Participant: 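Let me give you the structure first, and then I'll get to my questions.
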Amino acid sequence: MLAAFAGALLNWYQSQQRSLPWRSSSDPYQIWVSEVMLQQTRVETVLPYYARWLERFPTVDSLAAASQQEALAMWEGLGYYSRARNLHRAAQKVVKEFGGRIPSTVAELRMLPGIGAYTAAAIASIAFGVDVAVLDGNVKRVLARLFNYSGDVKSARGEKELSMLAQRLLPPGQAGDYNQALMELGATICTPRTPACPRCPVREWCQAQQLGLQHARPVTRKRAPAPRRVFAVGVIRKRGRVLLTQRADDGLLGGLWAFPSVSLIEAETGASSGAPSNAALDLQRGLRQSLGVCISVQAPLQTLSHAYTHFRVTAYVFDCDWLAGQPQGQLRVKWLPVSWLVRYPMGKIDRSIARHLARTHAAYAPHPGL
DNA sequence: CATACGTGGGA
DNA sequence: TTCCCAAGTAT
């Protein structure tokens, strides 16, 4: 029974799997990079990043030898930047503590930053053939439907019970292909919204499908609505250069560069009129306090909106002149010509501002008299 | 156990 | 427009 299920799944995977670059590789480093990039990220999004990353960092040694800034620059736009910082740190740990060889056991892999339960099992099984089952979002969904599991798959109990099931179903000696087959099924057939049950190679084993409950599985609880945040952002000019700050390593967009900004008191719902003019004054006062720079606000440049996972941002961007003071405080800062900004990794909003400045570069050229 | 952490695409 | 999601991890 179990063997028949695994056989049907494996057989389907051999003929129907997508051709993906990391599947044609047996290099543990390449498998590792793919698994980290694929965390919470779609295959189509990862593809170009994966190619560029391996071109720039072809081996774990080359990554370890690079700077964190280079790693972040290659990661820009992919999101969840702690993945890049952790991958970089982990590469250095592999070189220093594992002799440059990527460890092959789940326990050792878990010692590396950025490698949790899923990624350790994925690398161990796919790259080293260890008989360990993976449990990611795809596998949870597939198993919840196969067994008509009615518990919350994201609770601790759900994780544990599905993990037991996954390990029990694993065919010894074929963990790598089997794990990928289960995930591939979840990604292409057993999808969240509209599963293609008629095309499913294992539908005869699926309890939810036979009960017409495939849309009701898996059970998850819904999350809280995203709050709204408002920021004032300053493009501060001084002799043809603009001021950039580096964000703290922890927290949002950690390690990336950004234009100086202050958080504004959230406006009442719907009553946003007048906010930009107040924002200019708040920006002036806020940057004097936090950075120690005195600025004059010249003109509003643009207003940007962006949706993060847990909140929504509106940013009022202002053109500012530096008046006095030296940047000081917690954050690292640099005065940079606009044309240099491209080399500094940024989040989406700040990159958008940087591109805007590049388009209007003439306005930011050094003053002839200086 | 709950929350923070990005971005782009589909319904 | 708004909401939800997509090969998770760290705290």
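Quick caveat: nothing in here was measured; it's all calculated off a predicted structure. Each chain gets a letter, A, B and so on, in the order its sequence line appears, and its residues count up from 1.
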Participant: Between atom CG in A:Leu162 and atom P in C:dG8, what is the gap in whole Å?
Facilitator: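 That distance rounds to 14 Å.
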Participant: A:Arg23 near the nucleic acid: base, sugar-phosphate alone, or nothing, with a heavy-atom cut-off under 4.0 Å?
Facilitator: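 Base contact.
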Participant: Distance to the ring centre below 6.0 angstrom and angle to the axis at most 45 degrees; does that hold for A:Arg52 and A:Tyr49?
Facilitator: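 Because its charged atom sits under 6.0 Å from the ring centre and within 45° of the axis, A:Arg52 does stack over A:Tyr49.
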Participant: Return the value, rounded to whole Å, for the distance between atom OH of A:Tyr308 and atom P of C:dT2.
Facilitator: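 Rounded to the whole Å, the gap is 18 Å.
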Participant: From CZ of A:Arg247 over to P of B:dA4, roughly how many Å is that when rounded to an integer?
Facilitator: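 One finds 15 Å between P of B:dA4 and CZ of A:Arg247, rounded.
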Participant: What's the CG-P distance between A:Leu252 and B:dT3, to the nearest Å?
Facilitator: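 From A:Leu252 CG to B:dT3 P: 18 Å.
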Participant: Taking OP1 and OP2 of C:dC3, is either one under 4.0 Å from a side-chain nitrogen or oxygen of A:Arg312?
Facilitator: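 Result: no.
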Participant: Rounded at 0.5 Å granularity, tell me how far NE2 in A:His306 sits from OG in A:Ser352.
Facilitator: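 That separation rounds to 10.5 Å.
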Participant: Classify A:Trp22 by what it touches in the nucleic acid, base, sugar-phosphate, or nothing, heavy-atom distance under 4.0 Å.
Facilitator: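 The answer is base, as A:Trp22 lies within the cut-off (heavy atoms under 4.0 Å) of a base atom.
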Participant: Take atom CD1 of A:Ile123 and atom P of C:dG8, then tell me their distance rounded to the nearest Å.
Facilitator: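 The distance from CD1 of A:Ile123 to P of C:dG8 comes to 14 Å, rounded to the nearest Å.
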Participant: Can you figure out which of C:dG8, B:dC5, B:dG9 approaches the side chain of A:Tyr118 most closely?
Facilitator: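 The answer is C:dG8, which lies nearest to the side chain.
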Participant: To the nearest angstrom, how far is A:Tyr49 atom OH from C:dA7 atom C1'?
Facilitator: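 Distance, rounded to whole Å: 18 Å.
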Participant: Which nucleotide in the set B:dG9, B:dT7, C:dA7 lies at the smallest distance from any side-chain heavy atom of A:Arg42?
Facilitator: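 So the side chain of A:Arg42 is nearest to B:dG9.
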Participant: State whether A:His306 places a side-chain N or O below 4.0 Å from either non-bridging phosphate oxygen (OP1 or OP2) of B:dG6.
Facilitator: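 No.
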Participant: For the P atoms, the ones on C:dA7 and on B:dA11, what distance do you get once it is rounded to whole angstrom?
Facilitator: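 That atom pair is separated by 15 Å.
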Participant: The side chain of A:Ala156 is closest to which nucleotide in this list: C:dA7, B:dC1, B:dC5?
Facilitator: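 Nucleotide nearest to A:Ala156's side chain: B:dC1.
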Participant: Expressed in angstrom and rounded to an integer, what is the separation of A:Leu143 atom CG from C:dA7 atom C1'?
Facilitator: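 Value for this atom pair: 14 Å.
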Participant: Assign A:Arg110 to base, sugar-phosphate, or nothing according to its heavy-atom contacts below 4.0 angstrom with the strands shown.
Facilitator: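 The residue A:Arg110 makes no contact with any strand.
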Participant: Just so I know, are the side chains of A:Trp22 and A:Val33 near enough to count as touching, which here means a heavy-atom distance under 4.5 Å?
Facilitator: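 The answer is no, as the side chains (C-beta and beyond) never meet within the 4.5 Å cut-off.
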Participant: Answer yes if the side chains of A:Glu35 and A:Tyr118 hold a donor-acceptor pair under 3.5 Å, and no otherwise.
Facilitator: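 Short answer, yes.
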Participant: Among B:dG8, B:dC5, C:dA7, which is the nearest nucleotide to the side chain of A:Lys348?
Facilitator: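 The answer is B:dG8, which lies nearest to the side chain.
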Participant: Using a heavy-atom cut-off of under 4.0 Å over every strand shown, decide if A:Leu78 touches base, sugar-phosphate, or nothing.
Facilitator: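 Base contact - A:Leu78 has a heavy atom under 4.0 Å of at least one base atom.
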Participant: Looking at every strand, decide which applies to A:Thr119 at a 4.0 Å heavy-atom threshold: base, sugar-phosphate, or nothing.
Facilitator: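 Here A:Thr119 touches the backbone only, sparing every base.
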Participant: Let me spell it out: for each of A:Ile115 and A:Glu184, pick the nucleotide of DNA chain C with the closest heavy atom. Which residue's pick is nearer the 5' end?
Facilitator: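 The residue mapped nearer the 5' terminus is A:Glu184.
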Participant: Counting distance alone, no hydrogens or angles: does the base of B:dG9 have a donor or acceptor under 3.5 Å from a partner atom on the side chain of A:Thr45?
Facilitator: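 Between B:dG9 and A:Thr45, which were checked side chain against base, a qualifying N/O pair under 3.5 Å is absent.
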Participant: Picking from B:dG10, B:dC5, B:dG6, which would you name as closest to the side chain of A:Tyr81?
Facilitator: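 Nearest nucleotide to the side chain: B:dG6.
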Participant: Which sits closer to the 5' end of DNA chain B, A:Ser82 or A:Arg157, going by the nucleotide each is nearest to?
Facilitator: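 It is A:Arg157 whose nearest nucleotide is closer to the 5' end.
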Participant: Could you check whether A:Gly251 gets within reach of a base, just the sugar-phosphate, or nothing at all, counting any heavy atom under 4.0 Å?
Facilitator: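 Sugar-phosphate only.
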Participant: Looking at B:dC5 and A:His310: do their rings stack (centroid distance under 5.5 Å, interplanar angle under 30°)?
Facilitator: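 Yes, the aromatic ring of A:His310 stacks with the base.
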Participant: Has A:Lys140 got a side-chain N or O lying under 4.0 Å from the OP1 or OP2 atom of C:dG8?
Facilitator: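 No, A:Lys140 has no side-chain N/O under 4.0 Å of OP1/OP2 on C:dG8.
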Participant: Rounding to the closest angstrom, what is the interatomic distance between B:dT3 and C:dC4 at atom P?
Facilitator: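 Per the computed distance, 15 Å lies between those P atoms.
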Participant: Could you tell me whether A:His310 and A:Tyr308 have their ring centroids closer than 6.0 angstrom?
Facilitator: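 Judged by ring-centre distance (under 6.0 Å), A:His310 and A:Tyr308 do not meet the cut-off.
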Participant: Considering heavy-atom distances to DNA chain C, does A:Arg193 or A:Gln40 have its closest nucleotide positioned more toward the 5' end?
Facilitator: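 On the 5' side of the pair lies A:Arg193.
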Participant: What closest approach, in Å, do A:Gln167 and A:Ala133 show between heavy atoms, and which atom pair accounts for it?
Facilitator: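 So the two residues come closest at OE1-N, 2.9 Å.
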Participant: Using 0.5 Å steps for rounding, measure from the CZ atom of A:Arg141 to the CE atom of A:Met183.
Facilitator: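 The CZ atom of A:Arg141 sits 12.0 Å away from the CE atom of A:Met183.
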Participant: Looking only at atom P, what distance separates B:dG6 and C:dT1, rounded to whole Å?
Facilitator: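 Nearest-Å result for B:dG6 against C:dT1 at atom P: 24 Å.
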Participant: Using a heavy-atom cut-off of 4.0 Å across all strands, would you classify A:Phe311 as base, sugar-phosphate, or nothing?
Facilitator: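 Sugar-phosphate contact only.
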Participant: Decide whether A:Tyr80 and A:Gln40 meet the rule of one side-chain donor and one side-chain acceptor closer than 3.5 Å.
Facilitator: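 Their side chains do not contain a donor-acceptor pair, so the 3.5 Å distance test is not met.
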Participant: Report the distance from atom NZ of A:Lys160 to atom P of B:dC1, rounded to the nearest whole Å.
Facilitator: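 Distance, rounded to whole Å: 11 Å.
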Participant: Counting the atoms with a prime plus P, OP1 and OP2 as sugar-phosphate, which does A:Ala117 contact under 4.0 Å by heavy atoms, base, sugar-phosphate, or nothing?
Facilitator: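 The answer is sugar-phosphate, as A:Ala117 gets under 4.0 Å only of primed atoms, P, OP1 or OP2.
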Participant: Does C:dG8 have OP1 or OP2 under 4.0 Å away from a side-chain N or O of A:Gln39?
Facilitator: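 The answer is no; no side-chain N or O of A:Gln39 sits under 4.0 Å from OP1 or OP2.
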Participant: Students often get this wrong, so: under 4.0 angstrom with heavy atoms, is A:Arg18 touching a base, only sugar-phosphate, or nothing?
Facilitator: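 Contact class for A:Arg18: base.
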